[in-house]
Trainee: 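Please find one structure pasted underneath; my questions will follow.
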Amino acid sequence: MKYGRCIAFCLCGLVAQFIAQAQQNMMDDPTEVSFRREPAGTRIMSYDSRDLALQEDDANSLYIRSLNGKWQMKTFRGPVDLDSTLTQPDMDVSAWQTVTVPEREVNDVWAAVYRREFTMPFKWIDRQIFVRLDAVSRAYYVFANGHPVGYHEDSKTPAYFDITRYVADGKNTIAVIAYAHPASEALENQIETEGTQIEGAVRVIAQPKVRIRDFVIDTRFNDAGNALFSFGAIVKSHLLNPKEVLVHYELIAPDDSTVVSHGKRDARFYLRSEDTVRFFANLPDIQSWSHESPKLYTIALRLQHEGRFTEYTKVKIGFRKVEYDDKGFRINGYPVTLHAVDYDCPKEEATIRRDFENFRKQGINCLRITDYPQNDRFYELTDSYGLYVCNSANIDTRASGDERTVGGTLANDTVWTNAYVDRVMNMYYMSKNHPSVLIFSLGEKAGQGYNTYEAYLKLKEVEKERPVIYQEAGAEWNSDMVVGKPQERNDSDGRFTLNFAGQAETSGGTSSGYGNTSIEEGPVAGRVEIVNGFGIANMRNFEIGYTIIAGAKRIVKEGVCSPANIPAGESALVDIPLDGVKPGKYTLVVYIAHRDEPDVAPNGTRIVERSLPLVVPKKP
């Protein structure tokens with residue numbers, strides 16, 4: 001028995017040393033960008049009921065466990081070879097420092113080991129278990145109960161890791177070993193802080209063995225003004241045997257209650273396969289998304305197997321079509337002028353909201369994200385506030401200079417090609433389904449050369465509608481628009497020129513955003529002319545209401561008219577219902593108001609109001 005224990009101890013030591021060496025090799029190798037990381041994509045949360053999914057009630061979902069809060073941390077001030085010993089469940093961590101995740105500050109160390117326990121419910125036994133980390137500085141390894149489960153080095157984009165085979169019902173340990181100075185640090189010159197930091201949320205999610213992995217969304221308008229709805233649920237099977245599931249969807253209007261469309265499709269999956277289950281519909285009277293009126297619909301999804309629903313989730317979408325050419329952008333077929341600024345995103349949501357409200361007042365409608373991608377909540381806010389976004393990959397190599405010879409800079413050294421492409425595609429897949437994301441940028445100051453060419457080409461393979469830009473390209477071909485005024489640009493270059501102002505240059509302006517929208521007197525009693533002065537938004541996005549007043553203030557009748565299909569820049573007559581109103585003289589108050597855009601304005605906030613004389617004649 002004594003010799004058996006000795007052999008087991010030696011084997012454990014050898015395994016730990018092997019893992020430590022593998023970690024060091026991966027962290028120091030520019031060609032290695034990840035290990036066992038799930039494909040990048042839209043954030044997917046799994047719920048056990050439709051109501052929980054629609055409310056995004058993570059706290060009460062049976063299938064989500066937040067790991068935010070207290071973690072144990074051990075730090076190392078200088079270079080050290082760390083192995084899996086510190087991640088083992090039986091490690092005594094009583095003397096370790098306690099930190100709160102997400103961390104608000106960087107710790108200024110060379111490396112850190114973070115640990116957190118969680119209890120896995122018995123009902124997760126037949127499900128696929130993932131841990132998701134939103135952002136960790138800089139490169140990091142993830143362990144489940146002492147087993148290495150993955151590696152990720154793009155410090156500002158989220159990563160999922162499959163931990164199914166390493167966890168069991170009851171108590172489990174998740175550990176993160178983060179390094180402040182991996183080789184990939186050379187790609188993040190814009191980040192000036194030193195040390196490690198779990199700066200984003202951490203969650204454990206249990207999905208069914210056949211699960212929704214991502215979404216494919218395509219919404220646009222046809223010549224008749226109807227919306228074309230094309231939606232795909234990317235479904236992944238983790239089973240060896242064939243399995244058939246039903247995918248159900250509901251499309252819910254911006255009022256969060258009206259089901260506009262619904263349907264279901266069956267799909268059969270073989271041997272750990274993946275496929276896209278697609279839905280198509282031609283929908284009338286859809287309210288469009290734009291910076292003028294950012295209407296958001298909800299897609300509620302359910303997976304069903306053998307009569308039992310195994311997963312509920314949801315995603316918000318906006319109906320909008322993006323086009324661009326040498327004259328600029330068109331949104332939903334209408335030209336739009338971008339009033340764009342560079343935006344250095346603050347950490348607090350309250351500050352972001354205050355900035356967004358000020359931007360709307362100033363007429364600013366587009367933000368270029370400086371430095372690196374933001375968390376999911378940021379893009380949810382740009383969707384709901386109606387602000388276009390130029391998203392930017394987490395690449396900044398300004399310290400390597402601008403040498404154009406082969407291998408002279410990171411941008412021209414092929415050992416970094418995987419890293420450039422990976423970071424650009426991480427940025428793309430995490431944000432591609434947000435209606436506010438209008439433009440994709442290859443990075444801030446990522447150099448120019450073979451790697452930026454390859455990153456541009458890879459992104460253009462999957463993104464066919466929206467432009468990919470890169471300011472450091474100057475007048476070269478790997479930017480769909482020319483940013484700024486590069487000296488080398490010639491007169492034959494017909495690409496549109498895109499400019500971004502600094503935030504400091506935006507103060508002082510004001511804008512109502514409503515154009516020349518007005519209410520005019522109609523040709524007969526009870527009929528008014530509505531002039532849609534918006535540049536993009538249809539009047540059906542807004543509420544047209546009325547009040548009929550007798551004398552000074554007695555309300556005779558009030559109500560809301562049926563939605564008026566009045567395209568931008570056009571006008572139409574709208575009838576005010578006069579049934580039940582006795583003949584006589586009145587004052588007719590007509591208004592146009594916001595509805596179902598809570599971050600733009602509360603319901604009923606009036607854009608335009610007009611008081612008109614009303615004479616109701618006697619019936620002949």
Side-chain angles (χ1 to χ4, degrees), residues 37-45 56 58-59 64-69 71 99-106 114 130-140 142 152-161 176 178 188 190-191 193 196-205 214-215 296 313-316 342-356 359 367-385 387-396 422-438 440-441 443-444 599:
R37 185 190 70 197
E38 291 293 300
T42 307
R43 181 181 63 179
I44 303 290
M45 294 289 109
E56 293 184 316
D58 294 5
I64 301 172
R65 290 291 180 270
S66 172
L67 299 191
N68 292 347
W71 286 58
V99 295
T100 300
V101 170
E103 295 180 278
R104 298 179 65 88
E105 303 292 338
V106 182
Y114 300 84
F130 300 89
V131 61
R132 172 187 159 116
L133 298 97
D134 283 359
V136 179
S137 294
R138 299 200 185 219
Y140 64 96
V142 181
H152 183 55
E153 65 178 30
D154 183 354
S155 67
K156 300 299 181 180
T157 57
Y160 286 89
F161 300 96
V176 175
E188 300 182 355
Q190 80 279 31
I191 302 174
T193 53
T196 69
Q197 179 186 20
I198 301 182
E199 59 181 293
V202 184
R203 302 176 183 88
V204 179
I205 304 151
D214 201 358
F215 308 118
L296 291 171
T313 191
K314 78 161 190 178
V315 62
K316 291 275 191 179
D342 286 323
Y343 186 51
D344 186 8
C345 306
K347 299 297 183 184
E348 300 296 331
E349 181 173 325
T351 306
I352 294 173
R353 285 181 175 275
R354 185 166 61 248
D355 288 346
F356 286 5
F359 288 154
L367 310 177
R368 178 169 65 171
I369 307 306
T370 61
D371 295 338
Y372 42 73
Q374 300 301 300
N375 61 33
D376 293 294
R377 181 58 179 159
F378 176 85
Y379 303 101
E380 292 172 357
L381 290 173
T382 55
D383 289 345
S384 61
Y385 275 94
L387 291 167
Y388 304 116
V389 172
C390 172
N391 208 7
S392 182
N394 181 24
I395 309 176
D396 189 319
D422 185 66
R423 287 168 181 251
V424 167
M425 301 311 291
N426 288 342
M427 173 270 299
Y428 173 73
Y429 281 114
M430 71 167 288
S431 62
K432 64 182 172 65
N433 286 327
H434 288 276
S436 59
V437 177
L438 184 67
F440 299 97
S441 170
E444 190 161 357
D599 284 330

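All residue numbers in this chain count up from 1 along the given sequence.
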Trainee: Go through the structure and list residues passing ring-ring contact (aromatic ring centres under 6.0 Å, His included) with Tyr372, not counting sequence neighbours.
Mentor: none
Trainee: Taking 4.0 angstrom as the limit, do Glu444 and Arg368 come out as a salt bridge?
Mentor: no
Trainee: Considering residues at least two apart in sequence or located in another chain, which fulfil the side chain to side chain donor-acceptor pair (under 3.5 Å) criterion with Thr193?
Mentor: none
Trainee: Sequence neighbours excluded, which residues qualify as side chain to side chain contact (heavy atoms under 4.5 Å, CB included) partners of Ser441?
Mentor: Cys390, Ser392, Ile469
Trainee: Are Val101 and Val202 close enough, and set up right, to give a side chain to side chain contact (heavy atoms under 4.5 Å, CB included), and what steps lead you there?
Mentor: CA-CA 8 Å; Val101 170; Val202 184; 4.1 Å; yes
Trainee: Okay, side chain of Asp383, backbone of Ser436: is any donor-acceptor separation there less than 3.5 Å?
Mentor: yes
Trainee: Apply salt bridge (charged side-chain N to carboxylate O under 4.0 Å, His left out) to residues Arg43 and Glu380 and explain how you reach the verdict.
Mentor: CA-CA 11 Å; Arg43 181 181 63 179; Glu380 292 172 357; 2.5 Å; yes
Trainee: Can you give me the closest heavy-atom contact between Ala201 and Pro102, atom names plus distance?
Mentor: N-CG, 4.0 Å
Trainee: How about Tyr114 and Glu103: does a side-chain donor come under 3.5 Å of a side-chain acceptor?
Mentor: yes
Trainee: For a quick test of reading the model, state the closest non-hydrogen atom pair linking Lys156 to Ala135 and the distance between them.
Mentor: CA-CB, 4.4 Å
Trainee: Look at the aromatic rings of Tyr343 and Phe378 and report parallel, tilted or perpendicular, splitting at 30° and 60°.
Mentor: parallel
Trainee: In sequence, state the C-alpha distance, the side-chain angles, and the governing distance for Val389 and Leu438, and then conclude on side chain to side chain contact (heavy atoms under 4.5 Å, CB included).
Mentor: CA-CA 6 Å; Val389 172; Leu438 184 67; over 6 Å; no
Trainee: Take Glu153 and Arg37, measure what salt bridge (charged side-chain N to carboxylate O under 4.0 Å, His left out) needs, and give me the verdict at the end.
Mentor: CA-CA 11 Å; Glu153 65 178 30; Arg37 185 190 70 197; over 6 Å; no
Trainee: Please list, chain by chain and in numerical order, all residues satisfying side chain to side chain donor-acceptor pair (under 3.5 Å) with Asn375, sequence neighbours excluded.
Mentor: none
Trainee: How far apart are the closest heavy atoms of Glu199 and Ser137, and which atoms are they?
Mentor: OE2-OG, 3.1 Å
Trainee: Mind running side chain to side chain contact (heavy atoms under 4.5 Å, CB included) on His434 and Thr382 for me, showing each step along the way?
Mentor: CA-CA 9 Å; His434 288 276; Thr382 55; 5.8 Å; no
Trainee: Among residues at least two apart in sequence or on other chains, which ones pass ring-ring contact (aromatic ring centres under 6.0 Å, His included) with Tyr160?
Mentor: none
Trainee: If every non-hydrogen atom of Asp396 is compared with every non-hydrogen atom of Gln190, which pair is closest and at what distance?
Mentor: CB-OE1, 3.1 Å
Trainee: Would you check if the side chain of Arg203 reaches a backbone N or O of Ser66 as a donor-acceptor pair within less than 3.5 Å?
Mentor: no
Trainee: Sequence neighbours left out, what passes side chain to side chain donor-acceptor pair (under 3.5 Å) with Glu348? Give chain and number order.
Mentor: Arg104
Trainee: Is there a donor-acceptor pair closer than 3.5 Å between any side-chain N or O of Asp599 and the backbone N or O of Tyr385?
Mentor: no
Trainee: From Met45 CE over to Ile205 CD1, what is the distance, rounded to the nearest 0.5 angstrom?
Mentor: 3.5 Å
Trainee: Go through it in stages, so that I can follow the logic: the residues are Thr370 and Asp342, the test is side-chain hydrogen bond (donor to acceptor under 3.5 Å, both in side chains), and I'd like the CA-CA distance, side-chain angles, deciding distance and then a yes or no.
Mentor: CA-CA 6 Å; Thr370 61; Asp342 286 323; over 6 Å; no
Trainee: Side chains of Asn391 and Gln374 only: does a donor on one sit below 3.5 Å from an acceptor on the other?
Mentor: no
Trainee: Please test Ile191 against Arg138 for side chain to side chain contact (heavy atoms under 4.5 Å, CB included), starting from the C-alpha separation and ending with a verdict.
Mentor: CA-CA 10 Å; Ile191 302 174; Arg138 299 200 185 219; 4.0 Å; yes
Trainee: Is the backbone of Asp422 close enough, under 3.5 Å, to the side chain of Asp154 for a donor and an acceptor to pair up by distance?
Mentor: no
